[in-house]
Amino acid sequence: MTIALVEGHTSPIRLTLVSSVTTACCPGCGTPSARICSTYRRKLQEIPYGSAAVELLLIVHRFRCDVPACTQHIFCERVPWAPPYQRRTQACTDRILTLAWAMSASATQRVAATEGMQASRTTINRWLVRWAETLPLTRRVAAADTGVLTGVGIDDWAWAKGRRYGTVVVDLTTHQPVDVLPDRRAVTVADWLRHHPTIRVIARDRAGSYAKGAREGAPQAQQVADRFHLVKNWGERIAVLVQPWDPPRPAAAPDPMNRSTPDAPPSSPLAEGTRTADPQARWEAVHALHREGLSLWANADRFHCTCQTVQQDLAADQPRASTIPGSR
Ligand SMILES: [Zn+2]
């Protein structure tokens, strides 16, 4: 690889690199070929030089494979430090991933951008999920075996939200994840638990599959409801119980100095500050106020519910039957 051109003295610095190889192995059949038929260009993001972002323009060759039985008639030259279909060098990807192990994807995106490396949080999350998927099972089990597991927490998490879910297992002593299971079926959880007979306590949510998996895979262990779900369930139940007694906010006294204060009652069927369990009344009020130009947030604030609830009401053609307003 030869540096053909350097452009830009400040960020970003652009380097044009031209390949100098004359032969390459076909990825289809592995046969070396020296028949260069054309060149192609790739733009890549490289790790920054000091505080300056670095962009590479890579000019590499396309080769022709002469093996008659090979289906790969033309192939592109492979560059070891720039994997195919990637828009970054491997070093750049590794640098961003190093950050991602220490912080959230959103924070990684922001920190990487200040260093001149661009990657969306979606991309960073996809890298992490791909890494977890390719991790050999033996390595995962070995990681779990570094200490004697006596208590674990199991819960589901999304490989792809709304479509595919797995199970994460967390060591209750170290609070560190010890394994990721490909799904949340009882048989998968039971298989995993059978490989860890030292477990005495399993914290789980109230999903039936985890209860069954724990019962079959670790009958010696005591199952407990985890604190997060207990508090969540408790909060939801309390919200439903106190809702009928939740008094409306006292209406503010009219300001005699403010002549612009309307004397007319509010145009919505519900008064401001009213929390209602009646979806019909809230739906009508939300639509009426929305037509008058009241924002999503203002609507939510007015009826003591979440923006998501207001959004769902606005999206619905008619009141939703079994709606419990979310509390803020
Ligand atoms: Zn070939």
Side-chain angles (χ1 to χ4, degrees), residues 1-8 12-49 53-101 105 108-109 112 115-143 158-160 163-164 166 179-183 188:
M1 205 66 78
T2 310
I3 298 177
L5 186 63
V6 179
E7 297 171 279
I13 298 170
R14 294 191 180 88
L15 301 178
T16 303
L17 304 179
V18 182
S19 168
S20 52
V21 302
T22 52
T23 61
C25 287
C26 168
C29 62
T31 309
S33 170
R35 290 192 60 193
I36 297 173
C37 60
S38 63
T39 59
Y40 80 103
R41 294 164 177 242
R42 290 179 65 188
K43 268 190 181 175
L44 295 166
Q45 196 179 128
E46 179 57 297
I47 52 174
Y49 177 73
V54 178
E55 295 173 4
L56 301 184
L57 176 62
L58 209 58
I59 303 176
V60 289
H61 299 121
R62 281 196 183 93
F63 289 85
R64 191 180 295 279
C65 179
D66 285 333
V67 177
C70 182
T71 54
Q72 190 91 41
H73 302 302
I74 290 179
F75 64 90
C76 298
E77 175 189 341
R78 296 290 193 264
V79 180
W81 44 267
Y85 310 112
Q86 297 295 311
R87 292 190 296 176
R88 297 164 196 80
T89 62
Q90 189 60 49
C92 186
T93 303
D94 290 346
R95 175 77 69 87
I96 297 172
L97 268 174
T98 305
L99 297 172
W101 291 122
T108 300
Q109 179 185 345
E115 294 187 5
M117 298 179 290
Q118 306 296 332
S120 73
R121 62 190 173 89
T122 312
T123 302
I124 294 165
N125 275 329
R126 195 172 61 244
W127 291 344
L128 293 173
V129 168
R130 197 180 297 157
W131 176 87
E133 282 180 325
T134 55
L135 198 63
L137 184 64
T138 48
R139 188 173 158 195
R140 283 190 263 144
V141 173
W159 292 98
R163 286 185 288 145
R164 188 177 157 221
D179 208 347
V180 175
L181 310 183
D183 54 53
T188 309

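Start at 1 and go down the list; that is how both ligands and their atoms are numbered. Positions are given from 1, in the same order as the sequence printed here.
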| task | Specify whether Phe63 and Phe75 have parallel, tilted or perpendicular ring planes, treating 30° as the upper limit for parallel and 60° as the lower limit for perpendicular. | result | parallel

| Vertex the Zn ion (ligand 1), arms to Cys70 SG and Cys65 SG, rounded to 10° | 120°

| message | With a 4.5 Å cut-off on side-chain heavy atoms, are Thr123 and Arg121 touching? | response | no

| query | For the residue pair Leu57 and Arg41, what are the closest heavy atoms and their distance? | reply | CD2-NH1, 3.7 Å

| How many degrees, to 10°, between Cys26 SG and Cys29 SG as seen from the Zn ion (ligand 1)? | 110°

| task | Could you tell me whether the Zn ion (ligand 1) has an N, O or S atom of His73 under 2.8 Å away? | result | no

| query | Is Glu55 close to Lys43 at the side-chain level, that is, under 4.5 Å between some pair of heavy atoms? | reply | no

